[in-house]
Amino acid sequence: MIVNKVEVSAKGENHRGIVLLTLAQKDNGWTYEVDNMTGGNFALTWRAKTPEKASSKLRDIYKDEIWDFKIVE
């Protein structure tokens, strides 16, 4: 399954705020961008060869024990 948009936030009382990540194709592969940043969207530093692999990597990075991970699209 390809994850196009996801809301991510750290679990815990001291961590508030949700970050929206959107799948993006760059010249050197697929990654996610942090939406609504001052000055434009900010692309994560890693790349994957396909959108499916990018989605899989995203799920691996944001583990349930630490992160609230809500697929939007």
Side-chain angles (χ1 to χ4, degrees):
M1 178 171 116
I2 297 173
V3 176
N4 290 305
K5 285 189 184 284
V6 64
E7 291 179 344
V8 178
S9 62
K11 289 185 177 182
E13 292 178 19
N14 295 330
H15 302 285
R16 296 184 189 186
I18 297 171
V19 175
L20 181 64
L21 302 175
T22 301
L23 182 64
Q25 185 176 20
K26 301 296 182 184
D27 291 340
N28 55 351
W30 292 86
T31 192
Y32 285 84
E33 292 181 334
V34 180
D35 291 359
N36 304 318
M37 295 291 295
T38 303
N41 293 350
F42 172 77
L44 301 180
T45 57
W46 57 267
R47 302 292 183 266
K49 291 185 179 185
T50 66
E52 292 87 358
K53 287 184 180 182
S55 296
S56 177
K57 182 170 179 78
L58 189 71
R59 286 191 194 106
D60 287 343
I61 292 170
Y62 293 103
K63 301 287 185 194
D64 287 343
E65 304 86 42
I66 301 169
W67 301 96
D68 285 323
F69 185 89
K70 179 182 172 191
I71 296 172
V72 177
E73 186 179 309

Contacts of Y62 meeting ring pair (Phe, Tyr, Trp, His ring centres under 6.0 Å) (sequence neighbours excluded), chain-then-number -> W67
Any link between V19 and I61 through a network of hydrophobic side chains (Ile, Leu, Val, Met, Phe, Trp, Tyr) touching at under 4.5 Å?
yes
Interatomic distance, CD1@I66 vs OG@S9, rounded to 0.5 Å, equals 12.5 Å
Heavy-atom donor-acceptor pair, K49 side chain to A54 backbone, under 3.5 Å: no
If hydrophobic clusters are built by linking Ile, Leu, Val, Met, Phe, Trp and Tyr wherever their side-chain heavy atoms come under 4.5 Å apart, do W46 and M37 end up in the same one? yes
One should read off an interatomic distance between N41 CG and N36 CG, to the nearest 0.5 angstrom, of 6.5 Å
Looking only at heavy atoms, the pair that brings Y32 and N4 closest together is CE2-O, 4.2 Å
Q | L23 and I2, any side-chain heavy atoms less than 4.5 Å apart | A | yes
Heavy-atom neighbours of K70 NZ exceed 12 at 6.0 Å:
no
Can a donor-acceptor pair be found, under 3.5 Å and without considering hydrogens, that links the side chain of S56 to the backbone of E52?
no
request  = Using a 4.5 Å cut-off on heavy atoms from C-beta on, say whether the side chain of I71 contacts that of M1.
outcome  = yes
*Give the cluster check for L20 versus F42: same hydrophobic cluster or not, with ILVMFWY residues linked at side-chain heavy-atom distances below 4.5 Å.*
no
Applied to residues 20-30, the side chain to side chain donor-acceptor pair (under 3.5 Å) test, sequence neighbours excluded, yields K5-T22, T22-D35, K26-E33, N28-R47
NZ of K57 to CG of L44, rounded to nearest 0.5 Å, is 10.0 Å
Check whether any side-chain heavy atom of I18 lies under 4.5 Å from a side-chain heavy atom of V8, and answer yes or no. no
